[in-house]
J.: 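Here you go, one structure.
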Amino acid sequence: MARSPPAPPLGRGAHSRRGAHVARPGRRDPELGARSRTKYLETLEKKKKMSQKQMKEAFVSNHNGTSVLEVTEGLCLPALCILGRGLLIILSQHLRSSHTWRTPFFIDFAFIIVPVVTTLTIFSSFVLLEYLAVIIFGAGLFYQIYCRRTCYARMPIKKIHEKFLKVSLESEHIPAISCFRVINSAFTAVAILAVDFPLFPRRFAKTELYGTGAMDFGVGGFVFGTAMVCPEVRRKYTKGSRFYYLIRSLYSVWPLVFLGMGRLVIIKSIDYQEHLTEYGVHWNFFFTLIFVKLITSLLLIIFPLNKSWIVAVSITVLYQLALDFTPLKRLILYGTDGSGTRVGLLNANREGIISTLGYVAIHMAGVQTGSYVLKKRSHIKDWIKAAYLILLTAIVLFIFLYIIQVNVEVASRRMANLAFCIWIVASCLILLSSLLLGDIILSFAKFLVKGAAVPCSWKLTQSPATDKKHSESLVSEPEGKKPTLCLITAINRNQLIFFLLSNVTTGLINLSVDTLHSSNLWAFFVLNLYMFTNCLIMYVLHLQDKTIKYW
């Protein structure tokens with residue numbers, strides 16, 4: 001970098017003439033220019049003296065996010081990719097394509113992980129083109145499947161549609177929930193490493209105070225996804241007293257305590273870079289999960305599951321009123337003395353401690369959603385209604401979000417305020433509804449091809465109301481067996497281990513690679529290799545039928 005010329009020395013009488021000097025319009029003050037050049041040189045020297053840790057912390061701080069629409073676009077693209085992946089599997093089965101265990105892994109990686117990496121990096125400004133490409137590709141596959149259908153080949157489309165609506169589904173788990181959790185995990189895993197590279201758009205980084213960044217969705221989406229399948233929703237603790245249930249809930253958080261303390265000790269001991277205003281000095285994501293779990297367990301002892309949405313609304317509204325009409329907001333932003341102090345446990349971790357209230361509300365909204373989605377539904381038409389209702393709720397929440405951000409307060413990850421909670425829940429619901437609608441379209445494609453089986457998708461069974469003549473076309477030998485070659489199932493099975501592995505590998509890469517000065521091509525290669533390694537480890541664990549869980 002070319003250095004600026006040194007400032008000319010002041011003359012002997014410069015100080016005596018300073019008061020008499022008056023700058024004319026259009027003429028630059030030489031002393032002001034000298035001072036600005038001196039300040040610039042001092043800034044350069046300070047930057048040179050900054051440690052690598054300080055530079056990385058500055059690189060990920062003080063950002064204002066992007067639009068809600070752009071985050072939603074990037075979030076829902078994997079739902080289309082998963083649909084395209086299913087259609088490709090059906091068509092390949094119809095064409096009798098043989099493959100080993102490697103082929104499904106590479107297909108899943110290409111359709112689920114690679115689009116997430118590209119959306120957050122090289123194609124971040126071309127998401128609509130990605131949508132167009134995936135839609136054209138999927139439509140072409142669906143057309144080929146329809147033309148080559150082996151069931152109802154001579155029946156008009158209207159009759160086929162009527163018969164499809166009467167088909168029943170048989171599945172122990174809702175595939176859309178598994179896909180939701182995996183998409184959120186993949187987004188989080190890519191973002192926590194990509195943010196340290198210049199390739200990652202700064203507008204996607206975590207916001208400093210107000211705004212909606214792609215990374216801001218991660219923690220909220222994780223809390224919502226966990227709530228949808230929590231023990232209360234799955235009716236796991238149906239026997240025993242409420243005290244026994246509370247003891248079980250307390251016991252279940254010990255791994256999180258261990259992980260939270262372990263992360264704190266490691267981060268402080270190696271002097272790893274941190275974004276201080278995210279949670280505070282000592283607080284981290286695992287501590288938030290611990291307190292969310294404990295508080296929601298108590299709330300679900302007091303309130304029934306179907307009233308969780310009332311609890312969620314009450315908490316967010318009261319919390320927002322406290323932010324607006326009490327010193328709570330000032331405490332979060334500036335500490336107890338108003339000067340941004342970090343002295344004392346509360347001041348040091350004020351963001352993480354107080355924002356837990358917002359995540360409790362998000363968890364309760366997830367419990368309500370999980371209770372609704374996991375209701376027993378017998379026919380496809382019932383699931384279509386459910387998907388449309390969830391989509392409609394998401395649209396209504398986005399409208400409320402706009403009104404609140406205009407009239408009350410903009411979304412803030414740091415405070416987890418009312419607008420932030422509504423944004424997280426609305427984004428989760430629109431992703432979930434997209435996945436449900438994709439599953440329904442995929443089920444229709446399976447309905448047209450005898451013996452079609454797609455990992456992590458609904459199984460179809462013939463409804464008693466329909467003709468028994470075609471019952472064999474819906475249930476076949478491959479459909480009766482549990483598919484094992486599936487990256488979605490593998491990551492969902494060991495989701496916490498995947499998250500931990502991603503954090504560990506992110507730390508190792510940051511300690512060994514100069515991420516700040518990496519070229520875009522090198523960064524893109526590292527990100528794909530990092531995700532490939534993490535996913536392959538999860539896939540191998542799944543093939544060996546290993547579930548790593550200690551509680």
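One is the number of the first residue; the rest follow in order along the sequence.
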J.: Would you name the heavy atoms of Glu130 and Thr118 that are closest together and state the gap between them?
T.: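 Looking at all heavy atoms of both residues, the closest pair is OE2-OG1, 3.2 Å.
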J.: Are Leu397 and Val425 close enough that some pair of their side-chain heavy atoms sits under 4.5 Å apart?
T.: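 Sidechains of Val425 and Leu397: in contact.
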J.: Write down the atom of Pro78, the atom of Ile183, and the distance for their closest heavy-atom approach.
T.: CB-CD1, 3.7 Å
J.: To the nearest 0.5 Å, what is the distance between CG on Leu485 and CG on Leu543?
T.: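 Answer for the CG-CG pair, Leu485 versus Leu543, is 6.5 Å.
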J.: Taking the six-membered ring for Trp, are Tyr251 and Trp254 parallel (under 30°), tilted (30 to 60°) or perpendicular (over 60°)?
T.: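 Answer is tilted, since the angle falls between 30° and 60°.
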J.: Do Ser518 and Phe525 have side chains that approach each other closer than 4.5 Å (heavy atoms only, starting at C-beta)?
T.: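 Heavy-atom side-chain distance check fails, nothing below 4.5 Å.
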J.: Give me the atom names and distance for the closest heavy-atom approach of Ile548 to Asn494.
T.: N-OD1, 2.7 Å
J.: Is it true that Ser61 and Glu208 share a donor-acceptor pair across their side chains at a distance under 3.5 Å?
T.: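 No, no side-chain donor-acceptor contact under 3.5 Å.
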J.: For the pair Glu278 and Arg413, find out whether any cationic side-chain nitrogen is under 4.0 Å from an anionic carboxylate oxygen.
T.: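 Looking at Glu278 and Arg413, the cut-off is not met.
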J.: So Asn510 and Leu193, side-chain contact (heavy atoms from CB on, under 4.5 Å) or not? Walk me through it.
T.: CA-CA 8 Å; Asn510 264 290; Leu193 176 59; 4.0 Å; yes
J.: Do Trp458 and Leu442 have side-chain heavy atoms sitting under 4.5 Å apart?
T.: no
J.: In chain order, what residues pass the ring pair (Phe, Tyr, Trp, His ring centres under 6.0 Å) check against Trp309, with sequence neighbours excluded?
T.: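 Per chain and number, Trp309 pairs via ring pair (Phe, Tyr, Trp, His ring centres under 6.0 Å) with no residue.
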J.: Tyr388 and Trp383: ring-ring contact (aromatic ring centres under 6.0 Å, His included), yes or no, with the steps?
T.: CA-CA 9 Å; Tyr388 278 127; Trp383 280 107; over 10 Å; no
J.: Taking ring pair (Phe, Tyr, Trp, His ring centres under 6.0 Å) as the test, write out the residues that go with Phe217, two or more places apart.
T.: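 Checked Phe217 against ring pair (Phe, Tyr, Trp, His ring centres under 6.0 Å); zero matches.
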J.: Please state whether the rings of Phe447 and Phe444 are parallel, tilted or perpendicular, taking 30° and 60° as the class boundaries.
T.: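 Taking Phe444 first and then Phe447, their aromatic rings lie parallel (interplane angle under 30°).
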J.: Take Thr547 and Arg493, measure what side-chain hydrogen bond (donor to acceptor under 3.5 Å, both in side chains) needs, and give me the verdict at the end.
T.: CA-CA 7 Å; Thr547 302; Arg493 182 175 187 173; 2.5 Å; yes
J.: Start with the C-alpha distance between Asn64 and Thr207, add both sets of side-chain angles, then the distance that settles side-chain hydrogen bond (donor to acceptor under 3.5 Å, both in side chains), and finish with yes or no.
T.: CA-CA 5 Å; Asn64 299 317; Thr207 54; over 6 Å; no
J.: Looking at side-chain heavy atoms only, is the closest gap between Phe187 and Met215 below 4.5 Å?
T.: no
J.: Between CD1 of Ile174 and CG of Asp439, what distance do you get to the nearest 0.5 Å?
T.: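 So the CD1 of Ile174 and the CG of Asp439 are separated by 9.0 Å.
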J.: Would you say the side chains of Ser355 and Glu351 form a donor-acceptor pair under 3.5 Å?
T.: no
J.: Take the angle between the ring planes of Phe111 and Phe137 and call it parallel below 30°, perpendicular above 60°, tilted in between.
T.: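 Tilted, since the angle between the ring planes falls between 30° and 60°.
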J.: side-chain contact (heavy atoms from CB on, under 4.5 Å) between Phe258 and Phe286: does it pass, once the steps are laid out?
T.: CA-CA 9 Å; Phe258 175 77; Phe286 296 108; over 6 Å; no
J.: Among Phe222, Tyr279, Tyr359, which one satisfies ring pair (Phe, Tyr, Trp, His ring centres under 6.0 Å) with Phe285?
T.: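 Checked Phe222, Tyr279, Tyr359 against Phe285; only one passes ring pair (Phe, Tyr, Trp, His ring centres under 6.0 Å): Phe222.
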J.: Ring of Phe499, cation from Arg181 - is the NZ or CZ under 6.0 Å from the centre and inside 45° of the axis?
T.: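 Arg181 over Phe499 ring: no.
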J.: Please name the pair of heavy atoms, one in Leu460 and one in Val167, separated by the smallest distance, quoted to 0.1 Å.
T.: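 Closest pair (atom of Leu460, atom of Val167, distance): CB-CG1, 4.1 Å.
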J.: So with a 6.0 Å cut-off around CZ of Phe109, is the heavy-atom count from everything else above 12?
T.: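 It does: Phe109 CZ has more than 12 such atoms within range.
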J.: For the residue pair Asp216 and Thr212, what are the closest heavy atoms and their distance?
T.: OD2-C, 3.9 Å
J.: Quick check: do Met531 and Val116 have side-chain heavy atoms less than 4.5 Å from each other?
T.: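 Met531 does not reach Val116 side chain to side chain.
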J.: When rounded to the nearest 0.5 angstrom, what is the spacing between CD1 in Ile82 and CG in Leu435?
T.: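 Those atoms lie 5.5 Å apart.
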J.: Looking only at non-hydrogen atoms, find the nearest pair between Ser252 and Lys293 and report the distance.
T.: OG-CE, 3.6 Å
